[in-house]
Amino acid sequence: LTGLKEIENSVGKQFGDAKNPLLLSVRSGAKVSMPGMMETVLHLGLNDETLNGLIQQTQNPWFAYDSYRRFITMFSNVVLDLSKDPFDELMDVMKQAKGIAQDTDLTTDDLKALVADYKSLVKTQWGAEFPQDVHEQLRLAIVAVFQSWNIPRAIAYRNYIKNDHYLGTAVNVQSMVFGNMGDTSATGVAFTRDPATGENAYYGEYQLNAQGEDVVAGIRTPQYLTKAAREAAGAKPLSMEEAMPEAYAELARVFEILERHYRDMQ
């Protein structure tokens, strides 16, 4: 609770507040990086009340409902141990009915209907309403991330890299940073140079109006990080360097700092 208060004071929001809600990212923090192997819960702290607060706070109902449907899916899968497949099927049915290919083409009303369908699915499969108590959400998510140290893919990865199974993990609770607030926000994965060849050229991909899981899970096709990479591939969608020049310049500055400090590719 002390740590949660520090986050609240830092960002000027309150966890569970109906008017100005703090949303959290709950993720692992093992001593050795295990990318994608352990569980993460994003948008934690959303419920029917804080959803309305997020709408008022951002004046962006599409973003709020998109975040809520993402949270219900992820929490149900990671914490309640429900399969993601029925949620994905409901999304696919909605997109087919609308004749669209991308989640981002759904309207606010579409997302609102999906949220209602997702909550009904949870009640049917879990036997109770989707948890509305944000502090209980947080407690359950922390437990789930700790337990994910021993899920099969995490064990298999440690076997592969010959890492100690007894080190354990921390659980990091952070303020959410949103990539799905429209075309002024994005997500991506980047390296300070080409990880395959070692060439001193920024390497990576990004996606406008998306969350990290969209890129990692292959839900949407990401775009190139640099103009040179885009042109070399003959791709049309703008690179991050072209579409978000200020953010790209900041990223490039951080690349330089990281390589100077660690003296290696990051």
Return the set of residues passing side chain to side chain contact (heavy atoms under 4.5 Å, CB included) with L258 (not counting sequence neighbours), or none when no residue passes. V254, Y262, Q266
Establish, from distance only, whether the side-chain atoms of S185 and N180 form a donor-acceptor pair under 3.5 Å. no
For D164, look at atom CG and say whether over 12 heavy atoms of other residues, nucleotides or ligands are found less than 6.0 Å away. yes
If only atom types and distance count, is the side chain of Q223 paired as donor or acceptor with the main-chain N or O of T221 below 3.5 Å? yes
Any donor-acceptor pair under 3.5 Å linking the side chain of Q132 with the backbone of D48? yes
Determine whether more than 12 heavy atoms belonging to other residues, nucleotides or ligands lie under 6.0 Å from atom CD of E8. yes
Is it true that M94 and V122 fall in one hydrophobic cluster, defined by side-chain heavy atoms closer than 4.5 Å? yes
Please name all residues satisfying side chain to side chain contact (heavy atoms under 4.5 Å, CB included) with T40, sequence neighbours left out, ordered by chain then number. R27, L42
Smallest heavy-atom separation, R220 atom then A210 atom, equals NH1-CB, 3.3 Å
Can R70 and D66 be counted as an ion pair, charged N to O under 4.0 angstrom? yes
At what distance, to the nearest 0.5 angstrom, does CD1 of I55 lie from OG1 of T58? 7.5 Å
Check for a donor-acceptor pair, side chain of N20 on one end and backbone N or O of Q14 on the other, with a separation under 3.5 Å. no
Side chain to side chain contact (heavy atoms under 4.5 Å, CB included) against E241, all qualifying residues, sequence neighbours excluded: T226, K227, S239, Y248
Do the side chains of E231 and K236 get close enough for a salt bridge, i.e. N-O under 4.0 angstrom? no
Look at atom OH of Y203 and say whether more than 12 heavy atoms of other residues, nucleotides or ligands are closer to it than 6.0 Å. no
Any side-chain donor near an acceptor of the partner, D110 and Y65, under 3.5 Å: no
Within the distance-only criterion (no hydrogens, no angle test), does the side chain of T50 pair as donor or acceptor with the backbone N or O of G45 below 3.5 angstrom? yes
Flag side-chain contact, heavy atom, 4.5 Å: E6 against N9: no
Taking 4.0 angstrom as the limit, do D105 and K95 come out as a salt bridge? no
ring-ring contact (aromatic ring centres under 6.0 Å, His included) pairs, two or more places apart, involving residues 125-158: F15-H135, F71-F130, F75-F130
Apply side chain to side chain contact (heavy atoms under 4.5 Å, CB included) to A170 and list each qualifying residue two or more places apart in sequence or on a separate chain. none
Is the side chain of S10 donor-acceptor paired with the backbone N or O of I7 at a distance under 3.5 Å, no angle test? no
Measuring only between side-chain heavy atoms, which start at C-beta, is N52 closer than 4.5 Å to K19? no
Answer with yes or no whether the side chains of N159 and H165 bring together a donor and an acceptor at under 3.5 Å. yes
If we ignore hydrogens and angles and just use 3.5 Å, is the side chain of N209 paired with the main-chain N or O of G182 as donor and acceptor? yes
Is the shortest distance from a Lys or Arg side-chain nitrogen in E256 or R253 to a carboxylate oxygen in the other one below 4.0 Å? no
Taking a hydrophobic cluster as the set of Ile, Leu, Val, Met, Phe, Trp and Tyr residues connected by side-chain heavy atoms closer than 4.5 Å, whether directly or through intermediates, do V171 and L167 fall within one such cluster? no
Okay, side chain of S28, backbone of A30: is any donor-acceptor separation there less than 3.5 Å? no
Quick check against the 3.5 Å criterion: does S76 have a side-chain atom that pairs as donor or acceptor with the backbone of L82? no
Please assess Y202 against D194 for the test side-chain hydrogen bond (donor to acceptor under 3.5 Å, both in side chains), listing each intermediate value before the final yes or no. CA-CA 7 Å; Y202 301 151; D194 190 319; over 6 Å; no
Would a single hydrophobic cluster contain both M74 and M38, if residues Ile, Leu, Val, Met, Phe, Trp and Tyr are joined by side-chain heavy-atom contacts under 4.5 Å? no
With ring-ring contact (aromatic ring centres under 6.0 Å, His included) as the rule and sequence neighbours excluded, what pairs involving residues 16-45 come up? H43-F178
Is it true that the side chains of T187 and Q211 contain a donor and an acceptor less than 3.5 Å apart? no
Can we say D103 and R69 salt-bridge, meaning some charged N sits less than 4.0 Å from an Asp/Glu carboxylate O? yes
Counting only heavy atoms not in E136 (residues, nucleotides, ligands), do more than 12 fall under 6.0 Å from its CD? yes
Heavy-atom closest pair, residues P131 and L80: CD-CD1, 4.4 Å
